[in-house]
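The block underneath contains the structure these notes are about, expressed in structure tokens.
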Amino acid sequence: MSYFDEKRNQEILARLRKNYPDAKIKLKFKTPFELLVATILSAQCTDDRVNIVTEKLFKKYKKPEDYLKVKNEELEKDIYSTGFYKQKAKSIKACCQVLVEKYGGKVPSNIEELTKIPGVGRKTASVVVGNAYGIPAIAVDTHVKRLSNIFHFVKEKNPDKIEEQLKKIIPEDEWIVTSHRIATHGRLVCLAKNPKCEICFLNDICPSAFKVKKEKIK
DNA sequence: CTCCCGATAT
DNA sequence: ATATCAGGAG
């Protein structure tokens, strides 16, 4: 049996589809710009935490210009609990600066332009393009990266290459929703350090099922 | 490969 | 107390 198995891949995708039919982004937003800010904040932070912060944040800051008006220290306070707040405050301000100067305050709708923006990597760009503009994209976050390897969809650590591979396995019209299905499964069942294979609906076909054994049974 | 950093679950 | 969570830049 080889590492890759297209039949198995499709069966895994089918079961994910069945169990998480309408998986969607957890980040709350009303405009592409809000989603861009929320996604920058979501780096190394749970979506739930970001939502708590953005609920107030988006009332205070409506346009890119609004972020540019305040001092870094003030913005840092407003986003504090998402962690990495100094970095993120800098990123958001640099991002808004570019948005105003180069894009007339509008958020670009393609990954190439988005990734030129400070603080915006490929994952963030994919999230915005896919979820704010509805353009097919796959955001390779930590869950998609981990589970893609666990499922043997890929044998690869580089997120860009994982994205490339996944696009061959998943039909284009399901790129966005599948990203969310995989992420959902990673959050609920296939946890990073202690995957719950016992309760997993994929445990009969997952090539990595029960491979992480519990060494400490007290 | 290192730095940036808080919140929550156990 | 400590483990776990979760991207981008230099």
Side-chain angles (χ1 to χ4, degrees), chain A residues 23-29 33-57 67 72-99 107-108 110-132 137-150 154 156-164 166 176 179-199 212-218:
Chain A
K24 56 186 188 323
I25 188 164
K26 293 190 73 191
L27 257 19
K28 294 209 194 330
F29 67 98
F33 177 59
E34 284 191 355
L35 181 57
L36 178 56
V37 173
T39 310
I40 290 174
L41 292 176
S42 78
Q44 301 290 99
C45 178
T46 61
D47 290 356
D48 291 334
R49 169 55 46 186
V50 173
N51 288 337
I52 292 171
V53 169
T54 55
E55 190 181 342
K56 290 144 280 178
L57 193 75
Y67 289 93
N72 281 31
E73 292 70 30
E74 185 174 346
L75 182 53
E76 286 169 12
K77 273 191 173 180
D78 292 334
I79 63 171
Y80 183 82
S81 70
T82 64
F84 297 132
Y85 54 88
K86 288 191 176 178
Q87 289 287 113
K88 290 175 182 175
K90 264 186 223 163
S91 291
I92 290 171
K93 294 197 81 173
C95 169
C96 289
Q97 187 73 43
V98 173
L99 249 31
V107 178
N110 66 81
I111 292 175
E112 287 62 43
E113 291 299 319
L114 280 164
T115 48
K116 287 181 193 164
I117 298 172
V120 180
R122 191 161 180 93
K123 183 260 175 180
T124 298
S126 298
V127 168
V128 171
V129 165
N131 299 280
I138 295 179
V140 181
D141 64 3
T142 185
H143 298 296
V144 174
K145 176 180 174 182
R146 189 177 73 256
L147 271 64
S148 294
N149 280 282
I150 284 175
V154 303
E156 181 63 65
K157 296 301 172 194
N158 180 304
D160 290 8
K161 291 186 180 161
I162 292 173
E163 181 185 332
E164 199 183 317
L166 288 179
I176 299 167
S179 303
H180 295 135
R181 286 180 186 137
I182 295 175
T184 300
H185 194 63
R187 243 181 258 119
L188 301 179
V189 181
C190 197
L191 312 185
K193 278 286 148 60
N194 194 12
K196 300 178 178 176
C197 298
E198 323 81 51
I199 63 150
V212 181
K213 51 173 190 264
K214 314 192 173 174
E215 9 233 84
K216 281 193 258 183
I217 302 168
K218 289 188 183 174

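Keep in mind that the numbers below use all heavy atoms, side chains included, and drop hydrogens, waters and symmetry copies. Letters go in sequence order (proteins before strands), and every chain restarts at 1.
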- Scan A/Thr124 against the nucleic acid and name what it touches under 4.0 Å (heavy atoms): base, sugar-phosphate only, or nothing. sugar-phosphate

- Message: Classify A/Asp47 by what it touches in the nucleic acid, base, sugar-phosphate, or nothing, heavy-atom distance under 4.0 Å.
- Response: nothing

- Message: From CG of A/Leu191 over to C1' of C/dA3, roughly how many Å is that when rounded to an integer?
- Response: 13 Å

- Message: Just the rounded figure in Å: distance from P of C/dA9 to CD1 of A/Ile117.
- Response: 11 Å

- Using heavy atoms to find the nearest nucleotide of DNA chain B for A/Gln44 and A/Ile52 separately, return the residue whose nucleotide is more 5′. A/Gln44

- Earliest and latest nucleotide of DNA chain B, 5' to 3', sitting under 4.0 Å from a non-hydrogen atom of chain A? B/dC4 to B/dT8

- Query: What's the shortest heavy-atom distance between A/His143 and A/Ala183, and which atoms?
  - Reply: CB-CA, 3.7 Å

- Are A/Lys77 and A/Glu74 within salt-bridge range, i.e. N to O under 4.0 Å? no

- With no hydrogens and no angle check, is any side-chain donor or acceptor of A/Lys196 less than 3.5 Å from a backbone partner on A/Val189? no

- Message: In whole Å, I'd like the distance from the NZ atom of A/Lys116 to the P atom of C/dG8.
- Response: 18 Å

- Message: When the P atoms of B/dC5 and C/dT4 are compared, how many Å lie between them, rounded to an integer?
- Response: 23 Å

- Task: Rounded to the nearest angstrom, tell me the gap between atom NZ in A/Lys193 and atom P in C/dC5.
- Result: 7 Å

- Query: With distance as the sole test, does A/Lys123 use its side chain to make a donor-acceptor pair with the main-chain N or O of A/Ala43 at under 3.5 Å?
  - Reply: no

- Message: Is the shortest side-chain heavy-atom distance between A/Ile52 and A/Arg49 below 4.5 Å?
- Response: yes

- A/Phe84 has an atom CZ; how far is it from atom C1' of C/dG7, in whole Å? 8 Å

- Calculate the interatomic distance between A/Glu163 atom CD and C/dG7 atom P; express it in whole Å. 14 Å

- Message: Once you apply a heavy-atom cut-off of 4.0 Å, does A/Pro118 come out as touching a base, just sugar-phosphate, or nothing?
- Response: sugar-phosphate

- A/Lys26 and side chain to side chain donor-acceptor pair (under 3.5 Å): which partner among A/Asn51, A/Thr46, A/Asp48, A/Thr184? A/Asp48

- Measure from NZ on A/Lys86 to P on C/dA9 and round the result to the nearest Å. 19 Å

- Hey, is A/Lys86 close enough to A/Glu76 for a salt bridge, meaning N to O under 4.0 Å? no

- Task: Starting at atom CD of A/Gln87, determine the distance to atom P of C/dG10, rounded to an integer number of angstrom.
- Result: 8 Å

- Task: For nucleotides C/dA6 and B/dT10, find the distance between their P atoms and express it as a whole number of Å.
- Result: 14 Å

- Message: Applying a 4.0 Å non-hydrogen cut-off, can you work out what A/Thr82 is touching in the nucleic acid: base, sugar-phosphate, or nothing?
- Response: nothing

